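Only one structure is covered here, and it is reproduced in the block below.
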There are 2 protein chains.
Amino acid sequence: MRRIAPDRDGLLAMIGEVFREHGYEGASLALIGEATGLGKGSLYHFFPGGKEEMARAVIAHINGWFEDNVFAPLRDSVDPLAGIGHMFAATDGYFRSGRRVCLIGAFALDDSRDLFADQIRDYFGRWVTHLAEALVRSGHRPDEAGELAEETVAAIQGALTLARAANDLDVFSRALRRLRRRLGLPANI
Amino acid sequence: MRRIAPDRDGLLAMIGEVFREHGYEGASLALIGEATGLGKGSLYHFFPGGKEEMARAVIAHINGWFEDNVFAPLRDSVDPLAGIGHMFAATDGYFRSGRRVCLIGAFALDDSRDLFADQIRDYFGRWVTHLAEALVRSGHRPDEAGELAEETVAAIQGALTLARAANDLDVFSRALRRLRRRLGLPANI
DNA sequence: GGAGTATTGTACCGATTGGTACAATGTGTC
DNA sequence: GACACATTGTACCAATCGGTACAATACTCC
């Protein structure tokens, strides 16, 4: 019996890709087992709560990544524009310039939203809030900053949808470029 | 044996709601049967190709609705701004001010995109193209109009995602209001 | 090396999946 | 009423679903 001993981060990343590509319903335990190289025995050992616990852990994992790589820079950068620039760079990297889709956004659209409503609302809510605060610090009026933040996060989600629908990565790149300009950043980082 | 004789439009609308709420994978024949009041015998009589043919017909049905109620006004209105206003009103109505989600956008995100790639690309492509042409007619430069159209359609998709994630319909209303203003329309229709 | 725990493969479960077959019944037409 | 065709309910199929049970193996620490 070989011992793979996948670290939890790597494991969650692999499971996350399955959910991302197939959705919550479409991600069968067979697919997850295939992607991770683990049988049901192992999967239910690490996630006694089954598929739902896996999804919950994956969402929390993504939430943590955004906390560290997107929200923290937005909150802690001395120069708010630099923090916003960091956000765009991390976002472009995370979604692989449009090749990848937002798992949490996809979950928000169908049935599975009801299962993970709190985590989903938290993810988008924090993104909008932290971006809005950075925009306030960069000189925007609070109400205007709130709308601009909401508009930006929605535009990113919409661009991911449209890029995948059109099968054209440039859709996503163009959207990020427009958003950068509107938020007061130089055209390229 | 009672005879319901649902007209095809009503039938496709009912099936469409199931796909919209549960996604392609999640929409089981049991759910579809329950929603339509039809057994498998009837469903496979009307759609010999099974679930895939049902989904294809539903997407085509939606495509047709948008052709009549969104794209045609964009193309045929003498006043392009009136056509664009018509588009926003129809869009707000169709998505029930954010209560409803875009089935085709949801399909674009997961596995099912590969099954329906042509129809999905067609839907979004026509929307962007027709909006861009109306924007050109209203005075925008062609390249600028293309970007603005793409941005608008993406913003609508993103707003639907965000509204459902936040469980807050105002997110969608605010997005539509901003888009109307940016495209040169009066604040309320 | 032995004890205790972590991990794993396998067999199995009932329920549900999409799909097929087909006879029975409804409906419209002459 | 008789015929043709449209529609439907039911029974059935193999495959897969998520999940459980458990014994066998790996690993860790003494």
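Both backbone and side-chain heavy atoms feed into the values below; hydrogens, waters and symmetry mates do not. Sequence lines set the chain letters: A, B, ... in the order given, protein chains first and strands last, and positions in each chain run from 1. This is a predicted model, so every value here is computed, not measured.
Following rounding to the nearest Å, F19(A) (CZ) and dG18(D) (P) show an atom-to-atom distance of 9 Å. Residue E53(A) contributes atom CD, which lies 11 Å from atom P of dG19(D) at whole-angstrom precision. One can place OH of Y24(A) at 9 Å from P of dG18(D), the figure rounded to the nearest angstrom. Rounded to whole angstrom, the span from the OH atom of Y44(B) across to the P atom of dC12(D) amounts to 19 Å. Rounded to a whole Å, the CE atom of M54(A) is 9 Å from the C1' atom of dG18(D). One interatomic measurement links the two molecules: CZ of F47(B) to P of dT20(C), which rounds to 15 Å at whole-angstrom precision. Between K51(B) atom NZ and dG19(C) atom P there is a gap of 8 Å when expressed in whole angstrom units. The nearest whole Å value for the distance from the CG atom in L43(B) to the C1' atom in dA6(D) is 15 Å.
Within the structure, a side-chain polar atom (N or O) of S28(B) is placed less than 4.0 Å from OP1 or OP2 of dT17(C). The shortest distance between the side-chain N/O atoms of H45(A) and the OP1/OP2 oxygens of dT7(C) is below 4.0 Å.
Salt bridge R75(A)/E67(A): present, at least one basic N to carboxylate O contact under 4.0 Å. Between E17(B) and R20(B) there is a salt bridge, since at least one side-chain N of the basic residue sits less than 4.0 Å from a carboxylate O of the acidic one. Residues R137(A) and E133(A) are not paired through a salt bridge, judged by the lack of any N-O separation under 4.0 Å between the basic side chain and the carboxylate.
For S42(B), taking side-chain heavy atoms from C-beta onward, the closest of the listed nucleotides dG19(C), dG9(D), dG19(D) is dG9(D). Listed candidates were dT17(C), dT8(C), dG19(C). Nearest to the side chain of L29(B) is dG19(C). Closest contact between the side chain of F46(A) and the listed nucleotides dC17(D), dT20(C), dT7(C) involves dT7(C).
The closest side-chain donor-acceptor pair between D110(B) and S112(B) falls under 3.5 angstrom.
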